[in-house]
2 protein chains.
Amino acid sequence: MVVLTSEFALINEIRNLLPEPAEAGEIWIGDDAAVLGTGHDEWLLLAADTVAAGVHADLALTTLADFGWKSVAAAVSDIAAMGGDPGHALVTVAAPPGVDVRQLYEGIKEAAAAFRCPVVGGDLTNSDALVVTVAVTGHCATRPVLRSGARPGDLIWVTGPLGASSAGLRLYRTLAPAGPPGWAARLSEPERQALLSAHARPQARLKEGRAARVAGATAMIDVSDGLGADLSHLAEMSGVGIRLDSVPVAAGATMDDAFNGGEDLALEFCAPGSAPVGPTFDCLDTPIQIGRCTADRAERTIAGESFGTSGWEHAFV
Amino acid sequence: MVVLTSEFALINEIRNLLPEPAEAGEIWIGDDAAVLGTGHDEWLLLAADTVAAGVHADLALTTLADFGWKSVAAAVSDIAAMGGDPGHALVTVAAPPGVDVRQLYEGIKEAAAAFRCPVVGGDLTNSDALVVTVAVTGHCATRPVLRSGARPGDLIWVTGPLGASSAGLRLYRTLAPAGPPGWAARLSEPERQALLSAHARPQARLKEGRAARVAGATAMIDVSDGLGADLSHLAEMSGVGIRLDSVPVAAGATMDDAFNGGEDLALEFCAPGSAPVGPTFDCLDTPIQIGRCTADRAERTIAGESFGTSGWEHAFV
């Protein structure tokens, strides 16, 4: 929690160091992706994510290929969270000697193919720690969905049950040689596989992001730090309160996984009650309504109880 | 040298893993920047560079602000080397606890302002090593200058004397408490300052890159690994030999600094004898002709002597 709080304070300080957007309608630092005018009937989106071994993945549990996949999925998810289409990716790898960079790139390649965001360049260098950065472009034919557009009365939706990545990490730990006892013995094999896959190979929700934009979403963010933390960002930037009824929990996950677990890459979005969310998502997993935005900007409640803004600390060590 | 050789072999392997460009005229991996069609009368350029503490900078000698500057300059230089105009930057920072990230961003901010490439987003995370990645966009109203377009008979130019960054690093070492003796006592104060500045605050040659493109440059690359190594890449990709007459050495630098020293960010380019290089560069530093391309693809000579492809190893430790 301390990590996150200071990180956000620092990001605010850094934002104050940097210039304001040059053109009307542009968004620079502060949303999932930057929104830039192109002089044509389209917006350019730019986003970058960095994953560090030991912070965003425990390589004793998951593979280098999984790590590569995750680095791409996290960046592409930022495009999804704007309702955009992915363009191209740049991948930079800083790695200590001895890291099997080929295996890392196998996962990068698989994710780039899965999300249709081909790798067109990058860099490779020595370093004392394994750090992978993926920068992506995206585009949007209509106005992208920002974090700041939610209004009191808007309904809050999530693209699916949450917590699978966090539960998947716990499950991986039970599989490690010195792991904790097998709490997951009661899970079915398909449930186990779904949790492991959710952790090792998270999915960027591109179709869902586009569908939410087309349905008339007013604000959107991806779940990277935990539902509570990410909804709080959205609420602060929109100037609304958050009143949740319940949180959908993935099979095999706990309420704590679902509410505080990061890296699910599900999308949270807000839309007026009149928005055609169901019909627009017709051929996709049905999004789940979890609450509504309120006029009391300080409100952060779930089933009547307050929740804080703490989230996932991205730290395994 | 081993580092570089294996790095290039690995980059080739990685390139084979990844798909070919989707559209005619596009260049993906392998040049200074990726070249992408936009559907309009313009090319989009994308490039990313990673700098790691202890590899690309010794923070006992130069400051965190210098490190931030260098990270931006190196990425923008990739746009310069295509003859392009910079667009926007994404900056990601992976840093161990205790690193003064504000100071780092001061240098990033100064470079972004100097090169007119505003920072519009990025990421910040914990890591066991300080690694900064800068991804930049650029654009080009006419065809960008690739590495692969040089033809036998083309003249080879460099935008200025070389070796100042490498000599500047040696000079910083004499200033360190336990540094070597002051070999640089014979330098004038302006020469000393120029060397230190060349190392700590390298300049991306955007104007020179544009001028070379407008003059009709057939191939271009920036000096990041050393003149010999970078010209060898250009020659391999163009299918030409290299016959150099001489190499211009920056005041206070040695021939070894100039030929093997990396990170000068000067531009090397080739152009037919008929190209109006002088007039096009009229209001800039005059580029220097250093040799010519030959039809013997194996030729790598300077004043009649062979040179190898070894370059700068980017390693201080």
Side-chain angles (χ1 to χ4, degrees), chain A residues 3 7 10-11 13-14 17-19 21-22 26-31 33-34 36 38-40 44 46-56 78 87-88 90-94 96 101-102 105-106 108-109 112-113 118-129 131 133 135 137 314-315, chain B residues 3 7 10-11 13-14 17-19 21-22 26-31 33-34 36 38-40 44 46-56 78 87-88 90-94 96 101-102 105-106 108-109 112-113 118-129 131 133 135 137 314-315:
Chain A
V3 172
E7 184 184 319
L10 185 56
I11 287 172
E13 255 189 73
I14 290 166
L17 271 183
L18 299 171
E26 292 197 339
I27 302 290
W28 289 8
I29 293 167
D31 217 299
L36 301 167
T38 62
H40 302 286
L44 176 66
L46 294 179
D49 259 297
T50 293
V51 293
V55 179
H56 299 88
D78 287 331
H88 301 91
L90 299 170
V91 176
T92 69
V93 175
V101 175
R102 287 163 194 81
Y105 269 91
E106 284 290 346
I108 289 167
K109 169 193 169 182
V119 177
V120 298
D123 196 9
L124 179 60
T125 187
N126 288 322
S127 160
D128 294 335
V131 175
T133 297
T137 65
H314 283 310
Chain B
V3 172
E7 185 185 317
L10 186 55
I11 287 170
E13 256 190 74
I14 290 166
L17 271 182
L18 299 171
E26 292 197 341
I27 302 289
W28 290 6
I29 294 168
D31 218 298
L36 301 167
T38 61
H40 303 285
L44 175 66
L46 295 179
D49 259 297
T50 293
V51 292
V55 179
H56 299 88
D78 287 331
H88 301 90
L90 299 170
V91 175
T92 70
V93 174
V101 175
R102 287 163 194 82
Y105 269 91
E106 283 290 347
I108 289 167
K109 169 194 169 182
V119 177
V120 297
D123 197 9
L124 179 61
T125 187
N126 288 322
S127 160
D128 293 335
V131 176
T133 297
T137 65
H314 284 310

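These numbers come from the heavy atoms of this one structure, side chains and all, not from hydrogens, waters or symmetry mates. Here the structure is a predicted model, which is why all the values come from computation and not from measurement. A, B, ... follow the sequence lines: proteins, then strands. Residue 1 opens every chain.
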- Please work out whether the ring planes of A:W28 and B:H88 are parallel, tilted or perpendicular, with thresholds of 30° and 60°. perpendicular
- Proximal component of B:L90, with respect to chain A [non-hydrogen, under 4.5 Å]: side chain
- Note on the structure: Residue from A:G30, A:A135, A:A47 scoring the most non-hydrogen pairs under 4.5 Å with chain B is A:A47
- Between B:L17 and chain A, which part of the residue has a heavy atom less than 4.5 Å away: side chain, backbone, both or neither? both
- Task: Tell me, out of B:G121, B:G122, B:S127, who's got the most heavy-atom pairs with chain A below 4.5 Å.
- Result: B:S127
- Which answer fits B:L36, side chain, backbone, both or neither, if we ask what part of it has an atom under 4.5 Å from a heavy atom of chain A? side chain
- Identify which part of A:L46 has an atom lying under 4.5 Å from any heavy atom of chain B, answering side chain, backbone, both or neither. both
- Task: Verify the distance criterion only: is there a donor paired with an acceptor across the side chains of B:T133 and A:T92 at less than 3.5 Å?
- Result: yes
- Portion of B:V119 that has a non-hydrogen atom of chain A nearer than 4.5 angstrom: both
- Message: I need the minimum non-hydrogen distance between B:V131 and A:A94, along with the two atoms involved.
- Response: CG1-CB, 3.8 Å
- Is the backbone of A:T50 close enough, under 3.5 Å, to the side chain of B:D123 for a donor and an acceptor to pair up by distance? yes
- salt bridge (Lys or Arg N to Asp or Glu O under 4.0 Å) partners of A:D49, counting only residues at least two apart: none
- Per-residue contact mode, A:T38 against chain B (heavy atom under 4.5 angstrom): neither
